[in-house]
Each structure stands twice: as structure tokens, then as C-alpha cells.
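FYI, side chains are in, hydrogens and waters are out, and symmetry mates aren't considered; it's all heavy atoms of this structure. Order of appearance sets the numbers: ligands from 1, and atoms from 1 within every ligand.
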Amino acid sequence: MSEPAANRVDCRRERYASSFAEEVAAENHRWRRSRNGSVSETARFPTTRLRRLRRSDRLRALVRETRLDLDDFVLPYFVGPATEPNPDLPALGRVSVDDLVTEAADAERLGVRAVILFGIPDEKDAEGSGAWDEDGVIQRALRALRESSPGLVLLTDVCLCEYTSHGHCGVLDGEEVDNDATLELLARTAVSHAAAGADAVCPSDMMDGRVAAIRAALDEDGRGETPIVSYAAKYASAFYGPFREAADSTPAFGDRRGYQLDPANVREALRECELDVAEGADALLVKPALPNLDVLRAARERFDLPVGAYNVSGEYAMLKAAGARGWLDERQAALESLTAIKRAGADLVVSYWTKELAGWL
Ligand SMILES: [Zn+2]
């Protein structure tokens with residue numbers, strides 16, 4: 001009578017392995033086929049020595065898995081009524097439209113391919129009407145840049161918080177942001193940006209249904225070719241501090257936790273992404289980047305759209321401050337951070353280091 005094959009193997013193993021642990025070790029020593037069919041080796045020292053490929057710059061470069069490429073980076077600009085440099089955080093200074101033209105040409109010469117514009121209007125009101133004003137700061141900036149730097153990719157942030165007197169991302173109903181009343185204003189803003197020359201619009205308000213509203217408005221205006229890069233997973237984060245100074249968008253009361261994501265949640269972030277995809281988003285952004293690399297990775301695995309990350313002002317400020325104090329090497333720490341964001345799955349990265357990165361690469 002022939003015994004089952006599995007039993008035969010067990011008997012043989014009993015003969016050669018003095019203990020279960022040894023058996024496992026012996027098993028690990030062999031070449032085996034992993035689940036995806038590729039051959040992998042779980043070998044041990046001294047046969048396997050991972051240091052072999054780390055011995056020189058050239059060898060390390062040969063096997064490097066993740067590289068930084070300026071094609072993937074977006075430089076933010078804060079465009080306001082007057083230029084106000086920020087000596088501690090240079091990328092968070094404000095520029096006038098005239099100076100933006102010179103600055104952007106300079107950045108483009110260094111190799112920067114794309115910018116994202118945030119506007120600081122002369123005057124704010126309860127609705128944030130400066131956001132869609134045909135002669136608003138972003139609309140003027142777009143027309144000027146379209147002319148002066150035709151090759152530069154121009155993205156615009158679409159939100160109301162820089163334009164509202166109360167600093168919230170939408171119009172208010174009492175002390176709450178009125179989601180549905182805000183949608184029409186965001187759509188109007190997006191259309192005005194596209195009309196002024198934006199290559200893509202980036203809604204960052206976190207209102208429900210904004211991508212659908214913006215898509216419909218763009219299409220109705222004959223701008224079916226304008227993509228929507230949605231800040232799909234934007235968290236209520238403490239890391240936006242320096243940005244709020246630059247954009248003058250600190251809420252006059254309360255905070256944004258009533259509409260931005262709770263930093264404790266990742267599944268909810270994926271639902272946000274899913275809804276934005278269903279509503280017609282062309283690319284998804286996760287913001288902030290470094291505290292949410294797991295979210296970025298999860299979005300990368302779940303969706304086939306381009307997924308990007310916003311390496312926010314607080315992430316930039318921390319390294320700038322530590323670098324200025326000599327506590328760490330800013331350049332090395334910045335490159336490591338940006339590489340980690342790419343490695344986690346970002347196709348594009350919005351970063352305040354983009355211009356410096358052009359010099360470093
Ligand atoms: Zn906002």
C-alpha cells in the first residue's frame with residue numbers, strides 16, 4: 001500500500017532534522033519559488049552579504065530603486081499685492097505678479113517644470129469673491145506667466161480660505177461652512193483659473209462633491225481638457241502653520257476639523273479618494289506628506305490614477321530651522337524626505353524645496 005506523498009516527506013525530514021527549528025532553517029537555506037513566481041533566496045551569512053552592493057557610489061547608484069527627477073516636482077508660489085520676502089523660509093515669501101514673472105523665469109532656467117499658485121487678494125470678503133475675480137491676483141498672475149513662461153506647467157490652488165474675511169474654506173452658515181453653497185463658488189473659481197491659463201486646477205477645500213461640481217462647470221464652459229488634481233486626502237494638520245502665515249488664511253474662529261480629514265483615519269482617506277475618482281478627478285493628492293506616507297502607499301496601491309503628495313510648510317520649516325541651528329544637514333535631510341515620499345508611491349510632489357532641488361540635482 002502506497003502512503004500519501006506528504007507523509008513520505010515528513011518521514012524523511014524526521015530522519016535528517018533533529019528538531020523543527022533546524023528543519024525550518026534548512027528549508028530557508030534553499031532556493032525556493034515565492035508566491036509571485038520569481039525566484040528568491042532566503043540565504044544566510046556568510047553566503048549572502050548585502051554590503052557588497054553598497055561598497056561604492058557607482059555600485060549604489062547602479063542598484064538604486066528610487067530617484068528624484070525634477071519632472072515630478074511642483075514649486076508653490078504665494079502671489080500677493082506686494083513682494084514680501086521671508087528670510088527664514090525663503091519659499092514661503094510672497095511675490096507680486098511682476099516679481100513672479102522674474103522668479104518663475106529664473107526657476108524655469110534652473111530646471112523647474114511646474115508651479116502651483118496661491119493668491120493673497122487686496123481685499124477679502126465673507127464670500128471670498130476675490131477667488132473668481134477676472135482681475136484677481138491669480139488670474140493676473142496666470143495671464144502674465146502664460147505669456148512670459150509658456151513652457152511652465154501652471155497649477156492653481158482652488159479654495160476660498162485665502163479670500164474669505166473669516167479664513168474658512170467656504171461660505172458660512174452661522175459658524176459652520178455651508179458645503180453645498182460653497183460648491184458653486186469653487187466651480188466659478190476653477191473656471192476663471194482655467195480661462196486665465198491654468199494647465200490644471202487643484203481643489204483643496206475638502207467640501208463633499210466639489211470635484212463633480214468643478215468638472216461639470218469646466219465642461220459646461222468648454223474646458224473639458226482641463227484636468228482636476230484633487231487634494232483628495234487632506235488632513236486637518238498642525239503642519240500647515242507657516243503656510244497660513246504666508247497665505248494669510250488662518251481661520252478667524254474655530255478650525256478646519258469639521259471638513260478636513262482626521263489624522264487618525266486611513267480608510268476614510270481612501271473613501272475620499274474613491275469619491276473623487278468617481279466624480280472625475282484626474283490625479284489625487286495626499287497632504288501633508290511625511291506624516292501620511294502610509295496613506296500615500298495605500299492610495300498608490302488602490303488607485304491607478306497619478307497620486308501625488310504635498311510636502312507641506314511645516315515639514316519644510318522643521319528642517320530649515322534645524323539646519324539653521326546646525327542640528328542637521330538640511331540638504332541631506334530634505335533629499336531623504338523627498339526620496340521617502342517618492343518611495344512611498346508619489347508620482348508628483350509639491351515641495352517648497354523644488355527650486356533648491358533643481359540646484360542639488
Ligand atoms: Zn482652504
Task: E147 atom CD, neighbour heavy-atom count above 12 within 6.0 Å - done: no
Show me the side-chain donor-acceptor pairs of residues 187-195 shorter than 3.5 Å, one per line, residues at least two apart or across chains.
from : atom 1 : to   : atom 2 : distance (Å)
R188 : NE     : E184 : OE2    : 3.4
R188 : NH2    : E184 : OE1    : 3.0
R188 : NH2    : E184 : OE2    : 3.2
T189 : OG1    : L185 : O      : 2.7
S192 : OG     : Q139 : NE2    : 2.8
S192 : OG     : T189 : O      : 2.9
H193 : ND1    : T156 : OG1    : 2.8

Task: Cation-aromatic face contact K234/Y310, 6.0 Å, 45 degrees - done: no
- [ ] For the Zn ion (ligand 1), check which protein N, O or S atoms are under 2.8 Å away and list them.
- [x] C159 SG, C161 SG, C169 SG
Task: Flag if over 12 foreign heavy atoms under 6.0 Å of CZ, F239 - done: no
Task: Sequence-distant partners of F78, ring pair (Phe, Tyr, Trp, His ring centres under 6.0 Å), two or more places apart - done: F118, F243
Task: For D57, salt bridge (Lys or Arg N to Asp or Glu O under 4.0 Å) partners two or more places apart - done: R60
